[in-house]
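Below is one structure, written out as structure tokens; comments come after it.
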Amino acid sequence: MSTTSNSMTFNIRIWRQKNAQTPGKLVEYKLDGISPDMSFLEMLDQLNERLYAKGEEPVAFDHDCREGICGMCSLNVNGIPHGPDSQVTICQTHMRIFKDGQTITIEPWRSTAFPVIKDCVVNRSAFDRIIQAGGFVSVNTGGTPDANALPISKEIADLAMDAAACIGCGACVAACKNSSALLFVSAKASQLNLLPQGKAEKDRRVLKMVETMDAEGFGACTNTNSCEAVCPKGIPVTFIAQLNRDYAWAMLKGAAAEPKATVGGA
Amino acid sequence: MSLDSKSPAGPIAQKWDKHRFDMKLVNPANKRKYSVIVVGSGLAGGAAAASLAELGYNVSCFCFQDSPRRAHSIAAQGGINAAKNYQNDGDSVYRLFYDTIKGGDFRAREANVYRLAQVSAEIIDQCVAQGVPFAREYGGTLSNRSFGGAQVSRTFYARGQTGQQLLLGAYSALSRQIGLGKVKMYNRSEMLDLVVIDGQAKGIIVRDLVTGKITRHSADAVVLGTGGYSNVYYLSTNAQMCNVTAAWRAARKGAYFANPCFTQIHPTCIPVHGDHQSKLTLMSESLRNDGRVWVPKKKEDCGKKPSEIAEADRDYYLERKYPSFGNLAPRDISSRSAKEVCDEGRGVGPGGRGVYLDFADSIKRLGLKAIQDRYGNLFQMYEKITGENAYEQPMRIYPALHYTMGGLWVDYNLMSNLPGLFVIGEANFSDHGANRLGASALMQGLADGYFVLPYTIGNYLAQQKEKAPSTDHPEFVKAEQEVHDRLNKLMSIKGKRSPNSFHHELGHLMWENVGMARNEKGLKEALAKIPQIREEFWKNLNVLGDKEDLNNALERAGRVADFLEFAELLTLDALERKESCGGHFREEYQMPDGEAKRDDENFAYVAAWEFKGVGQAPVLHKEPLNYEEVHMSTRSYK
Ligand SMILES: Cc1cc2nc3c(=O)[nH]c(=O)nc-3n(C[C@H](O)[C@H](O)[C@H](O)COP(=O)(O)OP(=O)(O)OC[C@H]3O[C@@H](n4cnc5c(N)ncnc54)[C@H](O)[C@@H]3O)c2cc1C
Ligand code: SF4
Ligand code: FES
């Protein structure tokens with residue numbers, strides 16, 4: 001590729017790990033000819049094309065939509081999940097925010113609950129299992145009442161939507177020194193608990209979700225708020241406070257599950 | 001041979017009810033004895049897998065992402081249509097049906113479309129019951145907006161993230177069934193072949209994308225909800241991993257591929273800015289409700305800042321050409337008009353491939369706050385990508401490949417010509433004809449998955465005497481061997497080029513020759529070149545890494561190999577359809593004023609192609625289209 005006047009050069013240090021069994025390490029590559037208009041993942045595409053040309057295996061990383069909505073991309077860039085640009089995923093980050101000549105360190109999410117599969121790809125299926133435990137309204141297809149039969153105030157609908165905006169990326173876990181998943185769990189639980197449709201099984205939902213979260217090896221919340229700081233969708237920690245209230249209430253009512261969860265206050 | 005759609009007889013409004021009554025039912029106690037494979041966890045596949053499990057069937061569901069929640073449906077922004085008539089503005093099932101038939105330029109099947117309009121209202125009820133946070137009014141009722149091509153407000157939305165919220169609704173229903181042990185979910189798993197036994201679809205061959213392990217899966221029926229094929233053009237608004245493999249593998253096993261040339265170009269995407277680009281980003285079409293599209297009247301003004309171009313020197317070409325629809329003219333018309341003005345040299349931005357979408361008037365009329373409320377996240381997205389603030393200067397937009405109306409042929413029951421193979425969502429061809437209306441794909445995916453397939457599949461299963469075959473059946477062994485052989489072949493070429501480079505080359509050719517405007521010469525040229533790229537691919541491909549490992553390059557190589565076969569069929573279909581209709585515009589067939597010239601006498605049929613081998617001419621089967629309800633008229637949006 002030709003190096004144009006506004007092309008940038010970077011020193012890329014990126015995590016290479018053959019598979020879950022083999023230990024990994026940071027490997028350094030020099031990369032020139034990067035346009036400031038490229039997205040971060042397009043920069044990695046370039047890196048991979050160059051590696052290809054040298055006969056070196058390209059770096060594996062997760063991605064799909066490349067517009068910040070699928071939650072697939074999951075890179076820790078210079079120590080920050082989703083990198084330095086605020087309130088966006090790494091796939092929406094553009095190279096113009098980096099300095100020409102800069103060293104960029106790229107690693108996978110770090111959390112015992114998200115084991116590395118290869119290079120920068122991790123296994124986040126623990127999130128799915130939390131949803132399977134209670135992140136739903138128990139309603140079958142068909143026979144539901146007319147949608148307007150249940151008025152919901154705009155404020156509540158908007159707040160539920162704020163919570164529902166979570167893309168399940170796991171950056172909150174990766175940013176937390178305790179690997180807590182509470183921001184993710186509280187977002188889903190709050191969305192459903194806020195809405196009248198979800199109220200009927202609210203207690204059961206929070207108990208089940210929190211129980212599964214603990215069983216999956218996520219840590220406790222100690223209110224450092226680092227999750228909120230990296231969340232690409234701006235999910236606020238106030239939902240954690242809401243979950244804590246809902247959880248305390250459910251425990252008080254002594255619903256089914258064992259009280260072994262450790263939810264921090266907020 | 002002419003194909004039978006199996007549309008039920010009788011008045012259109014009663015067909016579906018009557019059909020539901022006529023269909024055989026599976027006894028509730030027997031449902032657990034039947035197994036169904038659902039490939040895909042998008043709106044169509046996710047909704048189907050959840051609903052089938054709720055009914056009691058044994059379901060296995062597959063997706064290639066790391067979680068079913070990440071299917072491409074998640075990216076839909078604008079909204080979902082439903083004939084609720086909540087706004088009391090004259091909407092009805094019949095009007096939605098009529099609009100969809102007309103919008104599809106009379107190339108869709110009436111009976112299917114009517115059913116789609118009928119079940120649309122139930123979809124909204126279902127989603128609300130699941131906790132989908134649709135936008136609401138202060139009084140607590142659901143909010144609606146009007147969307148490209150519609151004169152009523154029937155579109156429901158959840159900010160600019162409607163697809164995400166609908167998919168998360170389906171995902172929650174699916175998750176509940178996974179938790180209950182009724183659905184076995186296979187993430188990071190790719191279907192690489194369909195297994196057909198005695199002419200019936202009975203299973204699939206799957207590669208575990210993490211371990212590379214190949215497995216056989218048998219069932220009483222196979223459902224494909226595997227999405228569309230826009231990525232045959234390399235650059236599109238689709239997610240990176242969207243591909244045609246599942247559908248194409250089924251086509252190779254005998255399922256007919258219908259109307260592959262019906263592709264949709266979306267008018268409001270962020271223009272291409274460089275060669276390295278990996279995808280194009282869509283700006284929701286809802287922006288056209290409040291944005292005005294224009295280019296300078298004079299070429300000389302194109303280099304100027306938009307604020308320096310006087311009102312009198314601007315050409316609001318959609319308002320000028322289509323006074324009654326204006327900026328809301330259907331997608332194909334808006335897209336082609338943009339190409340036209342850019343071809344005239346009046347385009348703006350890099351390479352002159354862009355037009356303005358201007359919000360200044362709306363901001364003046366409604367206030368900045370209102371525009372921020374409606375489109376805040378879209379404006380933010382635009383700024384992140386382009387570095388420009390669209391509240392202060394107009395957006396630049398250009399059309400891009402977005403959706404594919406073509407797909408595997410299905411009958412009224414959503415079953416392909418291969419018994420036991422059902423196809424739902426964007427992967428089938430049935431409801432949108434030659435052009436899809438905005439906010440109707442989400443509706444169709446969920447209609448198919450929640451409210452149509454769960455009934456029609458029961459009718460098929462109830463008539464099956466034999467149970468799902470053993471995976472030791474010779475056809476399974478053979479299909480697995482073929483998959484191994486193909487992967488080995490891809491790994492062993494050891495040439496010089498990456499899979500991506502071939503995809504890029506193919507996509508460029510498709511966009512230039514088989515894109516927004518097509519002609520015989522260009523199509524023939526593409527038909528000559530595609531086999532050459534394919535040949536080079538099988539000679540000079542290089543796949544690094546291991547087969548028994550996570551290997552993105554190998555995945556990509558397999559998908560590109562299928563695109564390279566499928567592209568030829570798409571192009572051939574475009575060449576054979578000697579008319580212009582909907583998203584298919586043939587330059588030779590246009591009215592003196594540049595409008596599409598449809599040829600109902602010769603082309604009012606569905607073209608369903610039967611695969612006969614790579615490099616061999618496919619066989620065309622026609623399903624004649626009869627319009628009993630809506631009189632075939634020339635689409636006019638003037
Ligand atoms: C940017 C964008 C915005 C859009 N906005 C709107 C809108 O506002 N309104 C509207 O109505 N429509 C919209 N659409 C169109 C709509 O989103 C899609 O048509 C629809 O979501 C497709 O759903 P689906 O379930 O058919 O397929 P998808 O959501 O594409 O799902 C396909 C599934 O199949 C799986 N799969 C595919 N192949 C294989 C294989 N070989 N093996 C295993 N699994 C496989 C995938 O993993 C995935 O789970 C938009 C589309 C785009 C691109
Ligand atoms: S809460 Fe934010 S950071 Fe955590 S998974 Fe959701 S979107 Fe990602
Ligand atoms: S790739 Fe989808 S959110 Fe980044």
Side-chain angles (χ1 to χ4, degrees), chain A residues 19 35 37-38 41-42 45-46 49 52 55-58 60 62-72 88 92 94 96 117-118 121 123-125 127-128 131-133 135-142 144-148 150-154 157 160-161 164-165 168 191-192 195 197-198, chain B residues 50-51 54 65-67 69-70 72 74-75 84 86 124-126 128-131 133-142 158-159 161 164-165 168 171-173 175-176 178-179 187 210 239-241 273-274 276-279 281 381 384-385 387 450 454 498 500 542 544-545 549-550 552-553:
Chain A
N19 50 37
S35 145
D37 287 334
M38 278 183 190
L41 299 189
E42 284 166 353
D45 292 343
Q46 288 294 314
E49 282 293 313
Y52 230 98
E56 200 175 322
E57 202 183 338
D62 266 333
H63 64 99
D64 198 14
C65 73
R66 296 198 173 198
E67 52 188 60
I69 193 72
C70 73
M72 194 92 181
V88 288
Q92 293 174 291
H94 284 71
R96 62 177 86 92
I117 293 173
K118 179 176 184 169
V121 176
N123 180 345
R124 287 171 288 190
S125 53
F127 268 14
D128 282 333
I131 301 296
Q132 287 155 21
F136 47 76
V137 174
S138 295
V139 56
N140 282 358
T141 301
T144 48
D146 184 87
N148 260 353
L150 184 69
I152 301 174
S153 79
K154 183 167 169 14
M161 181 61 217
Q191 175 207 339
L192 299 176
L195 295 168
Q197 305 92 301
Chain B
S51 304
E54 288 162 6
Q65 288 89 351
D66 72 331
S67 161
R69 69 178 289 150
R70 305 201 204 283
H72 165 62
I74 200 100
K84 279 284 199 188
Y86 279 165
I124 304 303
D125 301 341
Q126 185 66 35
V128 165
Q130 289 168 344
F134 283 120
R136 287 182 183 261
E137 304 295 342
Y138 282 103
T141 54
L142 291 159
R159 291 205 187 132
Q161 290 122 275
Q164 178 197 29
Q165 294 310 316
L168 292 182
Y171 163 74
S172 70
S175 295
R176 177 169 157 245
I178 298 170
N187 300 331
V210 175
Q240 289 279 292
M241 295 199 285
H273 57 76
H276 52 264
Q277 201 152 344
S278 59
K279 81 157 288 170
T281 303
M381 179 158 101
K384 287 287 177 196
I385 295 173
Y450 285 135
S498 69
N500 190 45
N542 189 14
L544 297 163
D549 204 355
L550 178 74
N552 297 151

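Basis for what follows: all heavy atoms, side chains included, without hydrogens, waters or symmetry-related copies. We name chains A, B, ... by the order of the sequence lines, and we start the count at 1 in each one.
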Heavy-atom proximity to chain A below 4.5 Å, by part of B:Gln161
side chain
Where on B:Gln126 is there a heavy atom nearer than 4.5 Å to chain A: the side chain, the backbone, both, or neither?
both
Is B:Glu137 in contact with chain A via its backbone, its side chain, both, or neither, using a 4.5 Å heavy-atom distance?
backbone
Part of B:Tyr86 lying under 4.5 Å from any heavy atom of chain A
side chain
Pairwise side-chain contact, B:Val210 with A:Asn19, heavy-atom cut-off 4.5 Å (strictly under)
no
Can a donor-acceptor pair be found, under 3.5 Å and without considering hydrogens, that links the side chain of A:Gln92 to the backbone of B:Ile385?
no
Short question: side chain of A:Tyr52, backbone of B:Asn500 - any donor-acceptor pair under 3.5 Å?
no
Is there side-chain contact between A:Arg66 and B:Gln240, with at least one heavy-atom pair below 4.5 Å?
yes
Could you state the interatomic distance from CG (A:Asp146) to CG (B:Asp125), rounded to the nearest 0.5 Å?
5.0 Å
Pick one of side chain, backbone, both or neither for B:Leu142, based on which atoms fall under 4.5 Å of a heavy atom in chain A.
both
Chain A contact via B:Asn552 - which portion, at a heavy-atom distance below 4.5 Å
side chain
Heavy-atom distance under 4.5 Å to chain A: side chain of B:Asp549, backbone, both or neither?
side chain
